[in-house]
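Taking it in order: structure first as structure tokens, then the write-up.
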Amino acid sequence: MLQRCIFKRLQQRCCLGNQDATKSLLSSGFASALLGGHRAAGSKSGVPDVKERTLIAVKPDGVQRRLVGQIIQRFEQRGFKLVGLKMLQVSDDLLSQHYCELRTKPFYPRLQEYMTSGPVVVMVWEGHKVVQASRTMVGHTNPLEAQAGTIRGDFSFHISRNVVHASDSLDGAQREIQLWFQKKELLNWDCFDQTLTCEV
Ligand code: TYD
């Protein structure tokens, strides 16, 4: 049923009158990429790019300081699409998986205490080059070095309370999204203004 629906959408959106061409796209993994939101075949082939996804988290200080709305607003205004959102209390185990590369750092115990001190709001945003763009929007890890206009540059001043997390690479984003979200918690939906903001 779902496959038939995607099949129909592909025919409509890719203007492929030819069923064989559409079938070959489906069997080449395009449909699963569409569902997962991962980058598939480029637009050179006439197939619209499926957009990147990234994980953004408002850390406990951002939630306590009621910055969630302003942070969401920045991503919406930029034209990215929200495909997943939830609030949760992070466990030590989830945090150590999330920051697996930092577990041996001297600052990790303090980071763990801070990140588990209250709820976080985690989101998945989708759009063209969203990983790179959101790192720029979030700003330098150390807020003292973050430019004004970035989230960290505008809302924080110390590295241990830098308000927000953003995945730092495509691979990292994929790993983090799988860690924080179940597949069914992510929605594939069309923005009315998709051709202006999302499709490139
Ligand atoms: P890191 O992954 O290096 O940075 P980013 O969040 O920009 O991807 O570090 C993860 C978090 O660890 C960082 O946001 C804040 C905290 N941290 C410290 O508290 N002290 C430090 O010296 C570093 C490097 C990070």
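Every heavy atom of this structure was used, including side-chain atoms; hydrogens, water molecules and symmetry mates were not. Order of listing sets the numbers, starting from 1, for every ligand and every atom in it.
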Which segment of [X] sits under 4.0 Å of ligand 1 when only heavy atoms are counted:
X: Leu111; value: side chain
X: Arg135; value: side chain
X: Arg152; value: side chain
X: Leu102; value: side chain

(request) Taking only Lys NZ, Arg NE, NH1 and NH2, and the carboxylate oxygens of Asp or Glu, determine whether Glu126 and Lys81 approach each other closer than 4.0 Å. (result) yes
(request) Pull out every atom of ligand 1 sitting under 4.0 Å from any heavy atom of Tyr99, numbered as shown with elements. (result) 10 (C), 11 (C)
(request) Mark yes or no for whether Asp154, through its side chain, and Gly149, through its backbone, hold a donor-acceptor pair below 3.5 Å. (result) yes
(message) Whether the side chain of Gln97 engages the backbone of Leu179 through a donor-acceptor N/O pair (distance < 3.5 Å, no angle test) should be reported.
(response) no
(request) Mark yes or no: Arg65 above the aromatic ring of Phe155, with NZ or CZ under 6.0 Å from the six-membered ring centre and no more than 45 degrees from the axis. (result) no
(message) Taking CD in Gln147 as the centre, count heavy atoms belonging to other residues, nucleotides or ligands within less than 6.0 Å. Is the count above 12?
(response) no
(request) Measure across Val90 and Thr116 and return the closest heavy-atom pair with its distance rounded to 0.1 Å. (result) O-CG2, 3.4 Å
(request) Starting from atom 15 (C) of ligand 1, find the nearest protein heavy-atom neighbour and note its residue, name and distance. (result) Ile159 O, 3.4 Å
(request) Name the closest protein heavy atom to atom 20 (N) of ligand 1, giving the residue it belongs to and the distance to 0.1 Å. (result) Phe107 CG, 3.5 Å
(request) For ligand 1, find out whether one of its N or O atoms is nearer than 3.5 Å to an N or O atom of Thr141. (result) yes
(request) Please indicate whether any nitrogen or oxygen in Asn162 is less than 3.5 Å from any nitrogen or oxygen in ligand 1. (result) yes
(request) Using non-hydrogen atoms of the residue, decide whether Lys59 is closer than 4.0 angstrom to ligand 1. (result) yes
(message) A side-chain contact here means heavy atoms from C-beta on lying under 4.5 Å apart; do Lys86 and Glu185 qualify?
(response) yes
